[in-house]
Amino acid sequence: MATSDDGQNFFALTGDIFCREFKITNERIDVLTLLTPIEPKTIYGIGLNYRKHAEETGAKIPEHPIVFLKSTASVQDPDGPIVLPRHLRSDQVDFEGELGVVIGYECKNVSRADAMHYVLGYTIANDVSARDWQKQWGGSQWCRGKTFDTFCPLGPALVTPAGLKNPNDLAITTRVNGEIMQQSNTRDMIFHIAEIIEFLSGSTTLEPGTLILTGTPEGVGMGRKPPVYLKSGDVVEVEIEGIGILRNPVVEEDLS
């Protein structure tokens, strides 16, 4: 792992970031390829967590966070391809730009007031979703439509709380082939980060390395008229203020 203050100069990290026993060395690192900044142990997704997104889908505002799980095998690196499923085919693959929250320390039954002390950092996520498998063929569960290989790009960095003063007030934008599709701010969240952590940790241990996808704003392809779904050759960019840009090309699954 490496760290950078300016995105240009990188230095090696030693130790374990989850044990609070790490330090920044003087060893300069030449970055050839960016990998996902975290290998999550568990991925929790929060559905319908932006007011305007709930409105565009015609759903009522939820009383409690809507929770689903994504497989850790769905994680993809920055600049790695989003692969459109062709063996278990989907023709309705959608983009969902999101703020990702990484839990740094084991927590259970934490209060809203204490919840932010358990955050290791923040990253950008794309909760890629096959709407046909999510809505029609998934047996009423969202997991099948959201957990195909490469359906959770992460990156380009993990930003510590010290480097991101107010995660509940960040501009978030998703572009497909340079065209803005989603443009919002994390303050439109129905349940803010501390509320989500309080809820998820209730009677449940959140281990270090748990990733929480905090929901997506309005503008998803499913909500457009006509709908806009990803196709081979597209490039998806998710940009969040203070973190950077997560960019991924789109390809079809190779069945040969």
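All values below come from the heavy atoms of this structure, side chains included, with hydrogens, waters and symmetry mates left out.
With 3.5 Å as the limit, one finds a donor-acceptor pair spanning the side chains of Q182 and T174. Remark: the S90 side chain and the D132 side chain contain an N/O donor-acceptor pair separated by less than 3.5 Å. Residues E98 and T214 bring no donor and acceptor atom of their side chains to less than 3.5 Å of each other. Side-chain contact, H192 with E195: no donor N or O sits under 3.5 Å from an acceptor N or O.
Salt bridge annotation for D91-R89: present, with a cationic side-chain nitrogen under 4.0 angstrom from a carboxylate oxygen. Salt bridge annotation for E198-R112: present, with a cationic side-chain nitrogen under 4.0 angstrom from a carboxylate oxygen. Classification of K108 and E207 as a salt-bridged pair fails, no side-chain N sitting under 4.0 Å from a carboxylate O.
Taking the six-membered ring where tryptophan is involved, the planes of F148 and W133 are perpendicular, since the angle between them exceeds 60° and thus also 30°.
Heavy atoms of other residues, nucleotides or ligands lying less than 6.0 angstrom from CG of D6 number more than 12. For E252, the CD atom is densely surrounded, since the number of other residues' heavy atoms within 6.0 Å is greater than 12. Other residues, nucleotides and ligands contribute only 12 or fewer heavy atoms inside 6.0 Å of the CG atom of D5.
At distances below 3.5 Å, at least one donor-acceptor pair connects side-chain atoms of S201 with backbone N or O atoms of I197. Formation of a donor-acceptor pair under 3.5 Å by the E253 side chain with backbone atoms of P85 is not found in this model. At distances below 3.5 Å, not a single donor-acceptor pair connects side-chain atoms of T123 with backbone N or O atoms of L158.
For the side-chain contact (heavy atoms from CB on, under 4.5 Å) test with L99, the passing option among T216, I193, I124 is I193; the others fail.
Sorted by first and then second residue, the salt bridge (Lys or Arg N to Asp or Glu O under 4.0 Å) pairs with a member in residues 69-85 read K70-D127; sequence neighbours excluded.
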- [ ] Using the salt bridge (Lys or Arg N to Asp or Glu O under 4.0 Å) rule, take D188 and R51 through it: C-alpha gap first, then chi angles, then the decisive distance, then the call.
- [x] CA-CA 6 Å; D188 190 46; R51 293 185 181 278; 5.2 Å; no
TODO: Might you work through the side chain to side chain donor-acceptor pair (under 3.5 Å) test for D169 and N185, ending with a clear yes or no?
DONE: CA-CA 6 Å; D169 188 9; N185 190 290; 3.2 Å; yes
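Transitive grouping of hydrophobic side chains (ILVMFWY, heavy atoms separated by less than 4.5 Å) brings L120 and L13 into a common cluster.
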Please set out all donor-acceptor pairs under 3.5 angstrom arising from side-chain atoms of residues 221-230, sequence neighbours excluded.
from : atom 1 : to   : atom 2 : distance (Å)
R224 : NE     : G219 : O      : 3.1
R224 : NH2    : M181 : O      : 2.6

